[in-house]
Amino acid sequence: MVTGILRPTVYEPIRSLFSRAIGRKWATLAAVFGTFVVSAVMHELMFYYLGRVKPTWEITWFFLLHGFCVMVEIVLKKALDGKWRLPTLVSGFLTVGFVMATGYWWFFPKFVQCQIDVRAFEDYAAVGALMRNAGESALRFSRGHALVSQQL
């Protein structure tokens, strides 16, 4: 869903704009980084909305670092032109490890600061209570409707 939103609204317009200035081959770098910048800002806004705590910009640094690393990966792949690649198992392990390490460092502390886990459980409990009350109300309504039908 995020890709479906960011690609047409951020990535493609930036790539199109920069293609005129630096060429399509390298415009991808600006488009990728711009997309990560927008994603960073959106995440900061979401965390502010959820936690109502002053931004610490850790989320932004997380996304900027990952955007820079994706740019480096693109440059390396273009420079090596498919001549050398890490095995998929190794590259996958390195990618997941990098995301987990940087997430633990910059992304997940914001979850704790905003108490998102506590708020999520409170929301689930509220939805459960709503469903229980709606079920009880529906049951009372159907019993009352049945009694009226019997009397007629």
Verify same cluster id: [X], [Y] (apolar side-chain graph, 4.5 Å):
| X | Y | value |
| --- | --- | --- |
| V37 | I22 | yes |
| W57 | F36 | yes |
| I14 | V2 | yes |
| M46 | Y48 | no |
| V38 | Y11 | yes |

Quick one: side chains of residues 59-81, donor-acceptor pairs under 3.5 Å with protein atoms, not counting sequence neighbours, listed by atom name and distance.
from: T60; atom 1: OG1; to: E44; atom 2: OE2; distance (Å): 3.1
from: H66; atom 1: NE2; to: T102; atom 2: OG1; distance (Å): 2.7
from: E73; atom 1: OE2; to: K77; atom 2: NZ; distance (Å): 3.1
from: K78; atom 1: NZ; to: K25; atom 2: O; distance (Å): 2.4

Checklist entry - Any sub-3.5 Å donor-acceptor pair from S39's side-chain atoms to T35's backbone N or O? => result no

Checklist entry - How many angstroms lie between CG in L130 and CZ in R132, if you round to the nearest 0.5 Å? => result 10.0 Å

Checklist entry - How close do P8 and E12 get, heavy atom to heavy atom, and via which atoms? => result CA-OE1, 3.8 Å

Next on the checklist: Show the nearest heavy-atom pair for residues R15 and A27, with the distance to one decimal.
Outcome noted: O-CB, 3.5 Å

Item to check | F98, CZ atom: more than 12 neighbouring heavy atoms under 6.0 Å | outcome: yes

Checklist entry - Take atom CE in M100; do more than 12 heavy atoms of anything else shown fall under 6.0 Å from it? => result no

Next on the checklist: According to side-chain hydrogen bond (donor to acceptor under 3.5 Å, both in side chains), who are the partners of T56, at least two apart in sequence or on a separate chain?
Outcome noted: E58, K110

